[in-house]
*Asks:* 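Below are the structure tokens for one structure; questions will follow.
In the text below, chain A, chain B and the rest are named by the order of the sequence lines, each starting its count at 1. Keep in mind that this is a model prediction, so the values were computed, not measured.
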Number of protein chains: 2
Amino acid sequence: MSKFYTVAVVGATGAVGEKMMEQLEKRNFPIQHIKFLASKRSAGKTIEFKGQTYTIEEATPEAFDGVEIALFSAGGSVSKILAPEAAKRGSIVIDNTSAFRMVDDIPLVVPEVNPQDLKLHSGIIANPNCSTIQMVCALQPIKEAFGLNKVIVSTYQAVSGAGADAINELKDQSRTFGDTKNAEAQVLPVKSANTHYPIAFNVIPQIDIFDDNGYTLEEMKMINETKKILHMPNLSVAATCVRLPVVSGHSESVFIEVDKDGISVSDMRAVLESAKGIKVLDNPAKQEYPMPLFAEGEDEVFVGRIRKDLSNDRGFHMWIVSDNLLKGAALNSIQIAEAMIEEGII
Amino acid sequence: MSKFYTVAVVGATGAVGEKMMEQLEKRNFPIQHIKFLASKRSAGKTIEFKGQTYTIEEATPEAFDGVEIALFSAGGSVSKILAPEAAKRGSIVIDNTSAFRMVDDIPLVVPEVNPQDLKLHSGIIANPNCSTIQMVCALQPIKEAFGLNKVIVSTYQAVSGAGADAINELKDQSRTFGDTKNAEAQVLPVKSANTHYPIAFNVIPQIDIFDDNGYTLEEMKMINETKKILHMPNLSVAATCVRLPVVSGHSESVFIEVDKDGISVSDMRAVLESAKGIKVLDNPAKQEYPMPLFAEGEDEVFVGRIRKDLSNDRGFHMWIVSDNLLKGAALNSIQIAEAMIEEGII
């Protein structure tokens, strides 16, 4: 990694964009030159990075001239218009939105899981959905060791996935203990929808809007992205995605069925313990298991509560937790860039 | 219901005991005479019921002389000693603890599900665990209509199930927004354990202590009680039980597999809509689905997010919510007594 790169960050002022900047600094990403791009409205404002002040430029197609790595996190509609323009100008786009994730020729990558797909890019790499990333990190080593034929996940997702507004609303509503039913709600489950519900002391079984099939788009993302990343188009995957009054850190209760008979909990634990990016936290005797409050700010995907189904020898249950803004978003994007540099693709 | 009964409430000052008294009053239960029993420590204190003041008596074996219906909710150790004494004296004991639930000859009853078991009693009827009750209310009509062979549930449980201390702790910790990691914790996941974690803005994947098999006792309760209530000893049931920063109202993400092929979501919805005690709240277009904040204080078991598994024609997912202190505990106990009166068993 002796070369240094010209990097653009699109959407630096959002919740994920801020974490991207933190990660670029923390991981000492090899930056020659960096620019910050945003909508016309935000252009001209200033932003701090590594102790220097930068003026935010308008994100026009021409702004990507000379940019080698473009990190997009400004919403799907911005990516749809500008990511192809950036790619056309020779930038490698790493896009954190859902705009290109399910496009056939565009790699959807978690570096620990399917780094080989990075080579197939045509200028754009898609970063998967937060809830998908942490789950596939655990599923991939299991698939390799024991085979995998079924996944049923119920999620416990934090509000930070819905942005800074959702965090503020949770904070405000938390003061209404005992009378939250009547608390003001304007953000969740979906800001642009007509109906909003309080999230404090509540559970909302809706993330993103509904598809015609009764699943939410978040659930369909988990189902479809998991199959694509694992290269298992026929894998049986089901998801129920649920929003909780948690600031950051998504949790997942995951049931899997493996292909091999006779696998023990220790076998499963051993495979996960040696997997890249995973930290097994699983000691019932000491009440050790992953929790979102303690995963916040951490890079790893934490796995615990690993146990065998009591009726199905090939069935296992586990509890997977990770910081949705880090491995679930910003960190994974930077790791994609690092992997491409390491493989000589950029 | 023209007869009136002598009733004893054991543990009236607890969270469930209070709700029992509310239900007795609200449902105009046919009471001739009522007495309130507690440990020696609480004896002599007074308690209000239907505008009258009662002095709490010590719960001794002799205190049950003449009692026709004894409602127990004072912890398993109290029930283990005193419930048989009360039964010996001719009381019908309805026990809300886990003391007798899995004892072979003792009926474990949800009146909408297995009222026929009430006739088999020998003086003690067990009230199931809160998280089990609401789930079997939905499973029973499905089993009858379509057959049932698999259940996988992940719960989203409120703190009120752990008592008034847990509610107060959630309230206090909720004020520490942004710094909850360091908040004082003394109650959850298990008060008597050495290690406690904050519940505000967190998710704790432990309810009750751990069994040697890696499951918690709460999970084993759901698994074993469901099989017993449904009279399906070989049903494949799996549970992951999780505590959330919610005051009251348990939610459950439930996957089921039915025996019949070709069942549609409308078929499933129709069966649940005509089931006793169930209210289907399932209109994605209007963002209608059950949520604990709005189930609090309601008698029904709410079911929504009913959808078909995308890989398994016999698989369905649903979201089940109910007030854990009402249908999950106090209300079900009173309904057991009412059903016994109606059937002429008491």
Side-chain angles (χ1 to χ4, degrees), chain A residues 150 152 154 156 170-171 174-175 177-178 180-181 189 193-195 197-198 200-206 210 213-216 223 235-238 240 242 244-247 249 251 253 255 265 284-287 289-294 296 304-312 315 317 319 321, chain B residues 150 152 154 156 170-171 174-175 177-178 180-181 189 193-195 197-198 200-206 210 213-216 223 235-238 240 242 244-247 249 251 253 255 265 284-287 289-294 296 304-312 315 317 319 321:
Chain A
K150 198 191 287 282
I152 299 175
S154 296
Y156 300 68
L170 171 58
K171 187 176 179 180
S174 293
R175 300 194 187 104
F177 187 93
T180 312
K181 218 182 274 194
N194 294 322
T195 308
Y197 303 114
F201 315 110
N202 196 20
V203 175
I204 304 179
Q206 181 192 353
F210 281 97
N213 63 3
Y215 286 76
T216 59
I223 293 169
L235 182 65
S236 170
V237 187
T240 300
V242 180
L244 301 187
V246 167
V247 181
S251 307
S253 170
F255 167 76
V265 168
K286 291 188 169 173
Q287 294 184 222
Y289 32 68
M291 287 178 283
L293 196 59
F294 302 98
E296 209 178 331
R305 299 293 330 269
I306 303 166
R307 59 211 196 281
K308 201 156 178 163
D309 193 277
L310 299 176
S311 312
N312 176 354
H317 302 270
W319 179 252
V321 179
Chain B
K150 197 191 287 283
I152 298 175
S154 296
Y156 300 68
L170 171 58
K171 188 177 178 178
S174 293
R175 299 194 188 102
F177 188 93
T180 313
K181 220 184 272 193
N194 294 323
T195 308
Y197 303 114
F201 314 110
N202 195 19
V203 174
I204 303 180
Q206 181 191 352
F210 280 97
N213 63 3
Y215 286 77
T216 60
I223 293 168
L235 182 66
S236 170
V237 187
T240 300
V242 180
L244 302 187
V246 167
V247 181
S251 308
S253 170
F255 167 77
V265 167
K286 289 186 168 174
Q287 292 184 226
Y289 33 70
M291 288 178 283
L293 196 58
F294 301 98
E296 208 179 332
R305 299 291 334 266
I306 303 166
R307 59 212 197 280
K308 203 157 181 164
D309 193 277
L310 300 176
S311 313
N312 175 354
H317 302 271
W319 178 251
V321 179

*Asks:* Please state whether the side chain, the backbone, both or neither of A193(B) comes within less than 4.5 Å of a heavy atom of chain A.
*Replies:* both

*Asks:* What distance separates I223(B) CD1 from D309(A) CG, expressed to the nearest 0.5 Å?
*Replies:* 7.5 Å

*Asks:* Do S154(A) and W319(B) have side chains that get closer than 4.5 Å, going by heavy atoms?
*Replies:* no

*Asks:* With side chains defined as the heavy atoms from C-beta onward, is the minimum distance between F294(A) and P198(B) less than 4.5 Å?
*Replies:* yes

*Asks:* Any idea which of N194(B), L235(B), L170(B) has the most non-hydrogen atom pairs under 4.5 angstrom with chain A?
*Replies:* L170(B)

*Asks:* Taking every non-hydrogen pair under 4.5 Å, which of V247(B), T216(B), V242(B) racks up the most with chain A?
*Replies:* V242(B)

*Asks:* If you tally heavy-atom pairs under 4.5 Å against chain A, which of G214(B), S311(B), P245(B), P205(B) wins?
*Replies:* P205(B)

*Asks:* Strictly distance-based, threshold 3.5 Å: is any side-chain N or O of R305(A) a donor or acceptor partner for the main-chain N or O of Q206(B)?
*Replies:* no

*Asks:* Where on V237(B) is there a heavy atom nearer than 4.5 Å to chain A: the side chain, the backbone, both, or neither?
*Replies:* backbone

*Asks:* May I ask you to test the P292(A)-N202(B) pair for a side-chain heavy-atom distance under 4.5 Å?
*Replies:* yes

*Asks:* I'd like to verify something: which residue of P290(A), G249(A), P189(A) has the highest number of heavy-atom pairs under 4.5 Å with chain B?
*Replies:* P189(A)

*Asks:* Where does I204(A) contact chain B at under 4.5 Å (heavy atoms): side chain, backbone, both or neither?
*Replies:* both

*Asks:* Can you find a heavy atom in the side chain of S253(A) that is under 4.5 Å from one in the side chain of Y156(B)?
*Replies:* no

*Asks:* Return the minimal non-hydrogen interatomic distance between H317(A) and I152(B), and the atom names on each side.
*Replies:* CE1-CG2, 4.2 Å

*Asks:* Under the rule for salt bridge (Lys or Arg N to Asp or Glu O under 4.0 Å), what residues qualify as partners of K150(B), not counting sequence neighbours?
*Replies:* none

*Asks:* Chain A heavy atoms under 4.5 Å from L310(B): which part of the residue, side chain, backbone, both or neither?
*Replies:* both

*Asks:* Quick one: of E296(B), K171(B), R175(B), who has the most non-hydrogen atom pairs under 4.5 Å with chain A?
*Replies:* K171(B)

*Asks:* I'd like to check F210(A) versus K286(B) (side-chain heavy atoms, cut-off strictly below 4.5 Å). Are they in contact?
*Replies:* no

*Asks:* Quick check: do K308(B) and N213(A) have side-chain heavy atoms less than 4.5 Å from each other?
*Replies:* no

*Asks:* For R307(B) and T240(A): C-alpha separation, side-chain torsions, deciding distance, then whether side-chain hydrogen bond (donor to acceptor under 3.5 Å, both in side chains) applies.
*Replies:* CA-CA 10 Å; R307(B) 59 212 197 280; T240(A) 300; 2.8 Å; yes

*Asks:* Is S251(B) in contact with chain A via its backbone, its side chain, both, or neither, using a 4.5 Å heavy-atom distance?
*Replies:* side chain

*Asks:* For each of T195(A), V321(A), L293(A), tally heavy-atom pairs with chain B at distances under 4.5 Å, and name the one with the top tally.
*Replies:* L293(A)

*Asks:* For chain B, which of P284(A), G304(A), G315(A) has the most heavy-atom pairs under 4.5 Å?
*Replies:* P284(A)

*Asks:* Is it the side chain or the backbone of I306(B) that comes within 4.5 Å of chain A heavy atoms, both, or neither?
*Replies:* neither

*Asks:* For F177(B), enumerate each residue passing the ring pair (Phe, Tyr, Trp, His ring centres under 6.0 Å) test, keeping only those at least two apart in sequence or located in another chain.
*Replies:* F201(B)

*Asks:* Which bit of Y197(B) is near chain A, if near means a heavy-atom gap under 4.5 Å: side chain, backbone, both or neither?
*Replies:* side chain

*Asks:* Heavy-atom distance under 4.5 Å between the side chains of V203(B) and M291(A), does that happen here?
*Replies:* no

